[in-house]
Amino acid sequence: MKSLESFLPPEEDDSKKSPQYGKNTGTEEVHDLDIEVTTKLPASYLISVTYDGKRSAVSLKLYEPKSRKIYSWYDETKHLPYCLTDLPVTELKSVESHQGFDHFETVEKYDALTDREVELTKILAKDPLAIGGRPSGSIRDMIPKAWEANIRYYESYIYDREISTGMPYAVSRGHLIPVDYQPPEEDRKNLDDIFKDENPEFKAYVDRWFKLLECPVPEFRRLALDIEVYSPIATRIPDPREADQKIIAVSLADSDGNKRVLVLKRPDVHEGEGTVPKEVKIEFFESEESMMSEVFRALSEYPIVLTFNGDDFDLSYLYHRAERLKFTREQIPIELSKTSALLSYGAHIDLYKFFFNRSIQIYAFGQRYTEVTLNGVAESLIGVGKVELEHPVSELSYTELVNYALRDAEITLQLTEFDDDLVMKLIIVLARISQLPIEDVTRQGVSGWIRSLMFAEHRRLNWLIPRPEELLELKGVTSTTSIIEGKKYRGAIVVEPKLGIHFDVSVLDFASLYPSIIKRWNLSYETVLCPHPECKDNKIPETTHWVCKKRTGISSKLIGSLKDLRVKWYKPRSKDKKLTAAKRSWYNVIQQSLKVILNASYGVFGSEAFSLYCPPVAESTAAVGRYAITEAIKEATSLGINVVYGDTDSIFIKSPTQEQINKLLEWSNSTLGMELDVDKVYRYVAFSLRKKNYLGVYPDGRVDIKGLTGKKRHVPEFIKEAFLQVIQILSEVISPDEFERARNKIRGIAHQCYERLSKRDFSLAELAFSIMISKPIDRYEKTTPQHVKAAKLLVDAGYEVKPGDVITLIKVKNSLGVKPVQLASIEEVDTKKYMAYMRSTLEQVLDAIGLDFDEILGSTRLESFLWNSDQN
DNA sequence: GCGGACTGCTTACCT
DNA sequence: ACAGGTAAGCAGTCCGCG
């Protein structure tokens, strides 16, 4: 089988008219790219960049939205892989004789760490592996200090050529030409106006981002794939590296609405009851080989292929199964590496990896899904989960199997389609910001994205990218002590909450506190602890660190410009009712992408995994944060404002006058140089004495619950239910005198729970705690927590338990105290334990409203409950 | 040998 | 592999108790 259809642009397509890009975004009103293109290949979106070993050249995959095909383009500039050294050519004789060596060049670079221009030798090689990547004998291992030797070659190529992934390009006479996108003139003017007070250099950054982010995203033709494998033991998942079992079905759902299920014919399998939706095409195969050929044909046809865990399962299984069935390498359109499965033709996006990304989970989707399984993510985001099975996959009838398999492909596809292709757009926007291929952007964490965007900027400015060892040696020190033992430096301040109910509370917070600090205080790896003696008096509060006064830091500029664009442009426009819904939603995608990057921009500098790891930068950011909130509280107090709580970047103030608020906001702007805003206003807030733990009720009755146990996901349903009832009652309280009535109602709920519990009037499911097991069972060496005990019982009973699984357990009266819900019965439930748990959960709320749990139930009844439950 | 005080481990959360 | 700070429950240990 031929894996690549075509590398060259279609000859006949010599467009005379401007192509209409942007028409396919599925959104109305997104402006077309108005460009004159006289080229063989009309503007196409760059999605993927890799190194092709066979051709010894970088290969780019471009998606052309009209033909909806991928075109590959190979580098014609003779760009070569390289690394840098401070040794002169004369001392590099051994390198010269390396078989992969090509030639030397002498280059000038700016070394930001020393603030000096330096002359270096550039060692260019014939192929990337000669620089590094071989277990031994790589050029980078032959020299004492090698710079930029650990950057993947295709990334290095992207940075050197200033290539923008996710952006449109044209190919003319073999050359790759960026398609210049100009945002509408009116937007441009508005933007200029908003940023008119910034210096030209900063404005240039804003302009570059603006052009990158505004460019519309096309519709992508794509296919979701899912395979079902036979398994002799129902609770065992087949090993993809072994691939010793048959693939019995493959489901395919594409973005044009085509739905296919390929089914392997097997003896003794019946058609079964029920029906299959009419639009589904079911194709039976006599042999696995013919079925797989058909799958490979599909994989070689679609520009984008989606899976959920395809890297580690579906595509890996297909690959190894094909090898086992004697397919040749050329017949298998999949390229396996240690951590990913890529495709010869299009791009493979493993949605499991994307949704697993903590930053995506928290900042892009606001914790809307908590369990990263296909079922968990799909149920939360699109409201449809997997088909529930009564029998193992291997025992299903054809009808059941088809319906089951199909659903998986359908929901995998839908995860990229909901909210107007939100996920596809997020991926493209993140690729543009990070300059990474979409395969990488969906697989790497936020530190990889920020690394890439920083490296790209270094190359653009002709800066030397620092070696991590050198950075660590110069700037590995911190000067504060953390509150949590074992952490590297002190973090944020949390203000003691004032106990009780507070009516009319306004919450003020600093807009993007840490990114603002990075911008305003000029924080960057090269500016903190800079080499100039004259800067040493420019101290960061509470630390021994100083900041450069002579140069503006690279991260200060990058993070600062992204932050300002989000705060001043994209966020307001994502809410602007004057714009169309489609535009607002597009601005919201950009706004969210920026948020994901910005929220992590401080943390990465404190993370050893980050290639520009520089703890003093993170430490300084946090220190200035403490300074800002502390000063704000002082100022508020001196203005006569009552501060009842605060955490990191927010202060909660009780019944402030408008004048007091205005004065405080004004003070922050002028004195701290940071924007303080009214984030929200509560009708009332209830605090216990616990930090990060409160209930806020808005004027319209909506409720914010923060940190309270009753909201946590591991808590049994029945406790959540009782908790929510209590919250419901509290949300109806309008004025202080209504609390008495609320108290009585809450009393009723507590009583009811007590009665039901003593009668065991609950299902096991309602009583189950759901706790995630984060490592393999045998890695719990110091202690054996309850969920691990339950997991062990599960394993004994033949279940498979792996990290990331959520264990559902019941507290029972046996020697261990727990049993997994699968093995427990209602008679053995430890009702006393549940009573105690309910009590502590409700207490978090009751404390705040001045109620006592024991008092509510009546101490005698509680005691009798505890005593009674002892008896049975 | 038993139990309360304590520490440390683990999970889930907040910003 | 973005960070540190907080709450809570439980496992395990120490120490006093004639």
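Proteins get letters first, then strands, A, B, ... in listed order; numbering begins at 1 in each.
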**Q.** A:R626 side chain near A:P541 side chain, heavy-atom distance below 4.5 Å
**A.** no

Q: For A:S601, answer base if it contacts any base atom (sugar-phosphate contacts may also be present), sugar-phosphate if it contacts only those atoms, and nothing otherwise; contact means non-hydrogen atoms under 4.0 Å.
A: nothing

Q. How bent is the helix from B:dG1-C:dC17 to B:dT15-C:dA3, comparing axes over its five end pairs at each side, to the nearest 10°?
A. 20°

Q: Please state how far atom OH in A:Y602 lies from atom C1' in B:dT15, giving the value in whole angstrom units.
A: 10 Å

Q. Just checking A:E608: base, sugar-phosphate only, or nothing, at a heavy-atom cut-off of under 4.0 Å?
A. nothing

Q | Exceeds 12 heavy-atom contacts within 6.0 angstrom, atom CD of A:E473 | A | no

Q: Can you label the angle between the A:Y837 ring and the A:H714 ring as parallel, tilted or perpendicular, going by 30° and 60°?
A: perpendicular

Q. What is the nucleic acid contact for A:A492, judged by heavy atoms within less than 4.0 Å: base, sugar-phosphate only, or nothing?
A. sugar-phosphate

Q: Tell me, please, which residues at least two apart from A:E843 pass salt bridge (charged side-chain N to carboxylate O under 4.0 Å, His left out).
A: A:R839

Q: Would you mind classifying the nucleic acid contact of A:G491 as base, sugar-phosphate or nothing, using non-hydrogen atoms under 4.0 angstrom?
A: sugar-phosphate

Q | A:Y698 side chain reached by A:Y682 side chain, heavy atoms, under 4.5 Å | A | yes

Q) Whole-Å distance between B:dT15 P and A:Y363 OH? A) 11 Å

Q) Which part of the nucleic acid, if any, lies within reach of A:S840 when heavy atoms closer than 4.0 Å are counted: base, sugar-phosphate only, or nothing? A) sugar-phosphate

Q. From the 5' end of DNA chain C to its 3' end, which nucleotides mark the outer limits of contact with chain A, defined by a 4.0 Å heavy-atom distance cut-off (strictly under)?
A. C:dA1 to C:dG12

Q.
Check the orientation of A:H787 and A:Y780. Use parallel for under 30°, tilted for 30 to 60°, and perpendicular for over 60°.
A. perpendicular

Q: Report the residue (A:N357 or A:L689) whose heavy-atom-nearest nucleotide on DNA chain C is the more 5′ of the two.
A: A:N357

Q.
Does atom NZ (A:K691) have a neighbourhood of more than 12 heavy atoms from anything else shown, all under 6.0 Å?
A. yes

Q: Quick one: label A:I483 by what it contacts on the DNA or RNA (base, sugar-phosphate, nothing), any heavy atom closer than 4.0 Å.
A: sugar-phosphate

Q. Base, sugar-phosphate, or nothing for A:Y489, non-hydrogen atoms under 4.0 angstrom?
A. sugar-phosphate

Q | Residue-phosphate contact under 4.0 Å: A:Y645 side-chain N/O, B:dT15 OP1/OP2 | A | no

Q | Contacts of A:E675 that satisfy side-chain contact (heavy atoms from CB on, under 4.5 Å) - sequence neighbours left out | A | A:A511, A:V567, A:D677

Q.
Students often get this wrong, so: under 4.0 angstrom with heavy atoms, is A:F610 touching a base, only sugar-phosphate, or nothing?
A. nothing

Q | Exceeds 12 heavy-atom contacts within 6.0 angstrom, atom NZ of A:K792 | A | no

Q) A:Y645 vs A:F687 aromatic rings, parallel, tilted or perpendicular, using cut-offs 30° and 60°? A) tilted

(Q) Salt bridge or not between A:K775 and A:E781? Use side-chain N to carboxylate O under 4.0 Å. (A) no

Q) What is the per-nucleotide protein-contact pattern of nucleotides 7-13 of chain B, from the 5' end, where B denotes a base atom under 4.0 Å from a protein heavy atom, S denotes such proximity for sugar-phosphate atoms only, and - denotes neither? A) --SSSBS

Sequence neighbours left out, cut at 3.5 Å: what donor-acceptor pairs do the side chains of residues 350-366 of chain A make with other protein atoms?
| residue | atom | partner | partner atom | Å |
| --- | --- | --- | --- | --- |
| A:D350 | OD1 | A:N309 | N | 2.7 |
| A:D350 | OD1 | A:Y352 | N | 3.0 |
| A:D350 | OD2 | A:G310 | N | 3.3 |
| A:D350 | OD2 | A:D311 | N | 3.0 |
| A:K353 | NZ | A:D311 | OD2 | 2.7 |
| A:K353 | NZ | A:T339 | O | 2.8 |
| A:N357 | OD1 | A:S359 | N | 2.9 |
| A:N357 | OD1 | A:I360 | N | 3.3 |
| A:N357 | ND2 | A:Q444 | O | 3.3 |

